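All values derive from a computational prediction rather than experimental measurement.
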Amino acid sequence: MKDPYAIDSHKMIYHPKRTAEVLEAGDNWEKARSVYPIYVEISPIGTCNHRCRFCAVDYVGYKPDRLRLPIMAQRLPEMAQLGVKSVNFAGEGEPFLNKNLGAMILIARDSGLDVSLTTNASIMPKTFPAEVLWALSWLKVSINAGAAETYAHIHQTRPEDFDRVLDNMRAMVQAKRAMNLSCTLGAQSLLLPDNVGEMEQLADICKEIGMDYLVIKPYSQHLSSGNREYAKIDYNHYFAVGELLREKSDDHFSLIFREESMRLATDEIRYDTCYATPYLWAHIMANGVVSGCSAFLLDDRFEYGDINQNNFQEIWEGERRKEGLRFVREALDITQCRQNCRMDKVNRYLHAIQIKVPMMMNFIPNIFEP
């Protein structure tokens, strides 16, 4: 199935230098100290206007914490100078509830960062497409149904939000076309028992609007989440949905059915070490806390500092990250990690390089080929 964005894969093969740095550093802090994340996820605000039934961070509590613009105006350029490549504004709440979101995006872009946004798109300001969309590499809308009533049930909001989201998606597509922007516009839906019958309808809607892609992905139970409604989904029953949707892709629209991730959701054969943490990514919470893993928000073993109190370099090269590295390498039991986590495929890749070295690895061509 067409996936030009490698959404159901990983992109570490395009970062050989950082890969080599991570593997060389291992658990050596002096080498690990200055290996900065490629990607940082940023929560502009903690609260949300929806209460999605599947929300992985419901345990954080939807607090009204928000990142302050003066602080971000300092930290974003610093992060770019230190080697961070990209940031995604997403996280604990709905990013658009922070009125300074647009300004933060523009600062990040002006700093040389690749910038993206994940949103439910229900409260997008009318001026956003014309004024800010140009600064994004991609924008992804979380829309988890193909009809208003089901959408309201899953997002736990009003049915009219569904039409409002579609209108905002249309506005973004119109702005992209009018200004000839390169921003990739996508949508995503979790595949749930509640909405499985509406995925074809949702695909048709996204395609008709002019979105670049729709991702349909598996639910992954967060170990700290208060909800358990979807914890027992067996995706072996849903692969036929992907076959049904395959024909939706064409030269202008990609239907990305994350079948590989669905198969890996029940895979018990994994790596035994998290190689990605605390190296390749980070999460900045709405209260300013820098965490090494978004699956362990509020867990102080993964908290390295606060951007309201220290700059990013002091945090990333500080003692708490040093302790975090030691914990991940010596004590973290990954069987207690979230299955199919954000770094799962990256970890599989790094594990394969470091552990599963094939015999005769230096004979690059297949010398046994006739």
Side-chain angles (χ1 to χ4, degrees), residues 10-12 15 18-43 56-60 84 88 90-92 218-226 228 231 261 264-285 287-307 312 314-357:
H10 68 87
K11 302 181 182 74
M12 282 307 298
H15 298 276
R18 200 69 61 94
T19 298
E21 289 173 345
V22 169
L23 295 176
E24 181 182 359
D27 56 3
N28 183 324
W29 171 245
E30 292 309 314
K31 292 182 177 180
R33 182 197 302 270
S34 59
V35 180
Y36 278 85
I38 295 173
Y39 164 85
V40 176
E41 186 168 306
I42 299 173
S43 293
V57 292
D58 57 345
Y59 71 96
V60 176
V84 174
N88 179 30
E92 303 148 60
Y219 171 78
S220 173
Q221 179 65 52
H222 194 293
L223 298 181
S224 298
S225 177
R228 289 289 188 274
S261 293
L264 291 176
T266 56
D267 182 13
E268 295 181 359
I269 302 174
R270 302 172 72 190
Y271 38 88
D272 55 8
T273 299
C274 180
Y275 301 96
T277 305
Y279 281 113
L280 296 171
W281 72 322
H283 184 106
I284 299 179
M285 295 184 67
N287 63 4
V289 171
V290 177
S291 175
C293 179
S294 68
F296 288 97
L297 300 183
L298 302 186
D299 187 330
D300 59 10
R301 297 173 300 179
F302 293 87
E303 293 181 349
Y304 309 142
D306 185 338
I307 62 168
F312 196 78
E314 291 169 338
I315 293 169
W316 199 252
E317 298 189 19
E319 283 298 312
R320 290 172 66 178
R321 179 168 167 262
K322 178 180 179 180
E323 294 170 4
L325 173 64
R326 184 183 301 114
F327 167 73
V328 169
R329 289 308 174 107
E330 297 178 4
L332 176 64
D333 178 3
I334 67 162
T335 64
Q336 300 304 307
C337 291
R338 188 178 183 182
Q339 192 79 358
N340 244 347
C341 78
R342 296 279 185 88
M343 291 289 111
D344 179 67
K345 290 186 175 66
V346 170
N347 275 321
R348 291 174 186 271
Y349 172 69
L350 295 175
H351 178 71
I353 293 176
Q354 187 152 290
I355 304 298
K356 299 180 179 180
V357 179

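Contacts of Y275 classified as ring pair (Phe, Tyr, Trp, His ring centres under 6.0 Å), with partners at least two apart in sequence or in another chain: none.
Side chains of H351 and T273: no donor on one and acceptor on the other come within 3.5 Å. E317 and Y36 form a side-chain donor-acceptor contact under 3.5 Å, judged by distance and modelled atom types alone.
Closest approach of G292 to W281, counting heavy atoms only: O-NE1, 3.4 Å. The two atoms that bring V289 and N287 nearest to each other are N-OD1, 3.1 Å, heavy atoms only. The heavy-atom pair separating F296 from Q336 by the smallest distance is CZ-O, 4.2 Å. Nearest approach of G26 to L325, heavy atoms of both residues: O-CD1, 3.9 Å. Closest heavy-atom contact between E92 and H283: OE2-NE2, 4.0 Å. What you find for A276 and N347 is that their closest heavy atoms are N-OD1, 3.1 Å.
A donor-acceptor pair is defined here as one N or O able to donate and one able to accept, closer than 3.5 Å; such a pair exists between the side chain of R320 and the backbone of E303. Proximity of a side-chain donor or acceptor of W29 to a complementary backbone N or O of E323 within less than 3.5 Å is not detected. When atom types are taken as modelled, the side chain of R321 and the backbone of I315 share no donor-acceptor pair closer than 3.5 angstrom.
Put simply, the side chain of L332 reaches to within 4.5 Å of the side chain of C337, judged on heavy atoms. Using a 4.5 Å heavy-atom cutoff, the side chains of F327 and P278 are not in contact. In this structure, E21 and S34 have side chains that are not in contact, with every pair of non-hydrogen atoms separated by 4.5 Å or more.
Rounding to the nearest 0.5 Å gives a distance of 4.5 Å between CZ of R342 and CD of E41. We find the OH-CE distance between Y271 and M343 to be 10.0 Å, quoted to the nearest 0.5 Å. Distance check: L280 CG to I38 CD1 gives 5.0 Å after rounding to the nearest 0.5 Å. In this structure, CZ on R301 lies 14.5 Å from CZ on R326, to the nearest 0.5 angstrom. Separating the OG1 atom in T19 from the CD atom in E24 is a distance of 12.5 Å, to the nearest 0.5 Å. Atom-to-atom distance recorded for M285:CE and L297:CG is 5.0 Å, nearest 0.5 angstrom.
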